[in-house]
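The structure under discussion appears below in the form of structure tokens.
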Amino acid sequence: MSPLSTLIRGCAKIHSEAELQTKLALGRPLRIKLGVDPTAPDIHLGHGVVLSKLRDFQDAGHEAILIIGDFTAMIGDPSGRSVTRPQLTHDQVLANAKSYQEQAFKILTRERAKIVFNGEWFEAMSFEEVIKLNSRVTLQQMLVREDFRDRLDKGQPIRAHEIQYPIMQGWDSVMVKADVELGGTDQLFNIMVGRDLQREEGQPQQVAMTMPILEGLDGHQKMSKSLGNYVALNESPGDMFGKIMSISDELMVRYYDILLREAIPAGSHPMDAKKSLARRITARFHDEAVAAHALEEFNKRFSSRDLDSAELPDFAPGSARDFVSLVVEAYAQCFQASRSRSDARRLIEGGSVQWRGEKVADAKAVLPPGETGVLKLDKTRAVRIAA
RNA sequence: GGGUAGGUACCGAAGUGGCCAAACGGGGUGGACUGUAAAUCCACUGGCUUACGCCUUCAAUGGUUCGAAUCCAUUCCUGCCCA
């Protein structure tokens, strides 16, 4: 496989392939820009798609320039958004940035990687410079974007600072002299602004390369932290495996295509194909042995419904022994999840909670101390009471 | 600054003095069925030391009333039109 075809594999759109070829012919390492906004501490499989592409470039000898948008994160990228993002404080952003980097290097290699914070240049900008920068872009250009158009049509507010975002992202490209900028397809507009600004600054224009957007676990909306439909890169092997198993067959086709860049093996049972997908993704972010173990555990717990021999967190109940209390405490103690007592009661009444494989019929029932066994809480969570 | 329409639960959206913890739809959760899939059906979806009971909630504050999401006043926020 020639380097070019490797580099453009899995890509949604390039502007343009010819330009990329010209740049590659320069014979020097190219500066490949990827901007990330640390708006949340987790990065997920969706980010992974673009990061993997960046890794492809690294492997081909090019330099990854990861721009941590500590400054832009405070604005919030309006791309694909129907509401204004909440603005974060600088401290939150820095904390997120830290865990962000750790996760990004699960995919990227430290060699040929450079990390820059865009606060470096934006913080130093005077208001005069900001105005000057703004004068290069027209409101019309900004407003033709679909997401803005949409909000305009629906009568939803668009705040003035939001239209700054593409300009700032574009300016990042100028500051790092990017040769190529990567992003999701929803980033195309922002990346193109970068090209405009570079041209005006007399720089060679960056090549815009966009990657397909990965749908979230629900199969409809894009994977994102705020929608809760994501698989984080630092997710535990079991959770990662399990979350992937919960996707629809339809979505699995997409995941195969985008994440593994291959088609589903012909003739295989969808469930087997999914297990294989889950195992491979888990192996990618952990390792083979761990992934194989996750598969085994999954089979035990869900295929053979053998909770007794499955690995479950140990739960040490407090003094309150009625099932409502047990459920609430188990969630808090073993899953860091807070559940109200009403919620717990609903789960019990709905038949979700099982003690030793039997539905708990009476929420007021009391479990005598010393009893041991498995307490199933909901579809995916169960705990073991050991003593 | 003027005019005008609005602000209801996770979202959309009813409700315009008691029958309102608040219709309906979506989403979410749980159950049945399964392959932790889809489709379908059912239930739940503010909280409570355990409830045909109580508490908090309909932008905020204050008021009218036996009683307010609903009426009045003030404030804050948003859309649209005009300047």
By the 4.0 Å heavy-atom rule, please label A/K379 as base, sugar-phosphate, or nothing. sugar-phosphate
Using atom C1' in both nucleotides, what's the gap between B/rA37 and B/rA59 to the nearest angstrom? 43 Å
Charged N-O contact under 4.0 Å between A/R145 and A/E162: no
Rounded to whole Å, please give me the gap between CG in A/L217 and C1' in B/rU29. 16 Å
So if you build clusters from Ile, Leu, Val, Met, Phe, Trp, Tyr with side-chain heavy-atom gaps below 4.5 Å, do A/L143 and A/Y165 land together? yes
Between P on B/rU45 and CG on A/D378, what's the gap in Å once rounded to a whole number? 18 Å
Between B/rA60 and B/rU78, how far apart are the C1' atoms? Round to whole Å, please. 15 Å
Between A/D56 and A/K53 (salt bridge meaning N to carboxylate O under 4.0 Å), is one present in this structure? yes
Is there a side-chain polar atom (N or O) of A/S342 under 4.0 Å from OP1 or OP2 of B/rG46? no
Quick one: does NZ or CZ of A/R381 land under 6.0 Å from the six-membered ring centre of A/Y331, within 45 degrees of the ring axis? no
Over all strands shown, is A/D249 touching base, sugar-phosphate only, or nothing at heavy-atom distances under 4.0 angstrom? base
Can you build the contact string for nucleotides 77-83 of chain B? Use B for base contact, S for sugar-phosphate-only contact, and - for no protein heavy atom under 4.0 Å. -SS----
Under 3.5 Å for both donor-acceptor distances, Watson-Crick or wobble: does B/rC80 have a partner, and if so which one? B/rG3
Could you let me know what B/rC66 is paired to, Watson-Crick or G-U wobble, both distances under 3.5 Å, or none if it's on its own? B/rG18
Nearest heavy atom decides the nucleotide; on that basis, is A/L377 or A/H269 closer to the 5' end of RNA chain B? A/L377
Short N-O contact, A/E297 and A/K300, less than 4.0 angstrom: yes
Can you tell me if A/T380 touches the phosphate of B/rU36, counting only side-chain N or O atoms and a distance under 4.0 Å to OP1 or OP2? no
With sequence neighbours excluded, residues passing ring pair (Phe, Tyr, Trp, His ring centres under 6.0 Å) with A/F298: A/F241, A/F302
Should A/D147 and A/R151 count as an ion pair when the cut-off is N to O under 4.0 Å? no
What distance, rounded to whole Å, do you find between the two P atoms, one in B/rG30 and one in B/rU74? 49 Å
A/T72 backbone acceptor or donor facing A/Q169 side chain under 3.5 Å: no
Show me the donor-acceptor pairs within less than 3.5 Å that the side chains of residues 12-21 of chain A make with the rest of the protein, sequence neighbours left out.
{"unit_1": "A/S16", "atom_1": "OG", "unit_2": "A/E19", "atom_2": "N", "d": "3.2"}
{"unit_1": "A/E19", "atom_1": "OE1", "unit_2": "A/R195", "atom_2": "NH1", "d": "3.0"}
{"unit_1": "A/E19", "atom_1": "OE2", "unit_2": "A/R195", "atom_2": "NH2", "d": "3.2"}

Roughly how far apart, to the nearest Å, are B/rA69 and B/rG7 at atom C1'? 12 Å
Suppose you measure atom C1' in B/rC58 against the same atom in B/rA9; what distance do you get, rounded to whole Å? 8 Å
Any side-chain donor near an acceptor of the partner, A/Q58 and A/T109, under 3.5 Å: no
B/rA14 to B/rC20 separation - C1' atoms, rounded to the nearest Å: 12 Å
How far does the P atom of B/rG79 sit from the matching atom of B/rG12, given to the nearest Å? 15 Å
If you restrict it to nitrogen or oxygen atoms, what contacts under 3.5 Å exist between nucleotides 57-59 of chain B and the protein, and what is each distance?
none

What is the nucleic acid contact for A/R301, judged by heavy atoms within less than 4.0 Å: base, sugar-phosphate only, or nothing? nothing
Below 4.0 angstrom from OP1 or OP2 of B/rU29, is there any side-chain N or O of A/S352? no
I want to verify a distance call: between B/rU49, B/rG31, B/rU36, whose nearest atom is closest to the A/R341 side chain? B/rU49
Across the strands shown, which category fits A/K274 at heavy-atom distances under 4.0 angstrom: base, sugar-phosphate, nothing? base
Please determine, for the side chain of A/L347, which listed nucleotide (B/rA32, B/rA38, B/rG30) has the closest atom? B/rG30
Does any part of the side chain of A/L197, heavy atoms only, come nearer than 4.5 Å to the side chain of A/L133, both counted from C-beta? yes
To the nearest Å, give me how far apart CZ (A/F298) and P (B/rU36) are. 5 Å
Taking only the C1' atom of each, what is the distance from B/rU8 to B/rA83 in whole angstrom? 33 Å
Pick base, sugar-phosphate or nothing for A/G351, based on heavy-atom distances below 4.0 Å to the nucleic acid. sugar-phosphate
Could you report the tightest heavy-atom contact between A/Q206 and A/V180, atom names first, then the distance? CB-N, 4.1 Å
Need the pair for B/rA59. Rule: Watson-Crick or G-U wobble, both distances under 3.5 Å, any strand; none if unpaired. B/rU75
A/D362 CG to B/rA51 P, straight-line distance once rounded to whole Å: 11 Å
Which whole-number value in Å describes the distance from A/F335 CZ to B/rU29 C1'? 16 Å
Go ahead and name the base partner of B/rA43; Watson-Crick or wobble counts if both distances stay under 3.5 Å, otherwise write none. B/rU29
Atom pair distance, as rounded to whole Å: NZ in A/K359 and C1' in B/rG30: 10 Å
Passing option when A/D196 is tested against A/E201, A/Q141, A/R136 for side chain to side chain contact (heavy atoms under 4.5 Å, CB included): A/Q141
Return each pair, listed once, that meets ring-ring contact (aromatic ring centres under 6.0 Å, His included) where at least one residue sits in residues 245-271 of chain A; pairs must be two or more places apart or across chains. none
Given atom CE of A/M252 and atom P of B/rU36, what is their separation to the nearest angstrom? 13 Å
Considering only side-chain heavy atoms of A/M271, which listed nucleotide, B/rC48, B/rU29, B/rG35, is closest? B/rG35
Give me, pair by pair, the N or O atoms of the protein and of nucleotides 41-44 of chain B that are less than 3.5 Å apart, along with how far apart they are.
{"unit_1": "B/rC44", "atom_1": "O2'", "unit_2": "A/R346", "atom_2": "NE", "d": "3.4"}

NA contact type, A/I247, heavy-atom cut-off 4.0 Å: base, sugar-phosphate, or nothing? sugar-phosphate
On RNA chain B, compare the nucleotides closest to A/K243 and A/R345; which residue's is nearer the 5' end? A/K243
Can you tell me if the side-chain N/O atoms of A/S340 get under 4.0 Å from OP1 or OP2 in B/rG47? yes
Do A/S325 and A/R341 have side-chain atoms, one donor and one acceptor, less than 3.5 Å apart? yes
When rounded to whole Å, the CD to C1' distance for the pair A/E297 and B/rU36 reads 15 Å
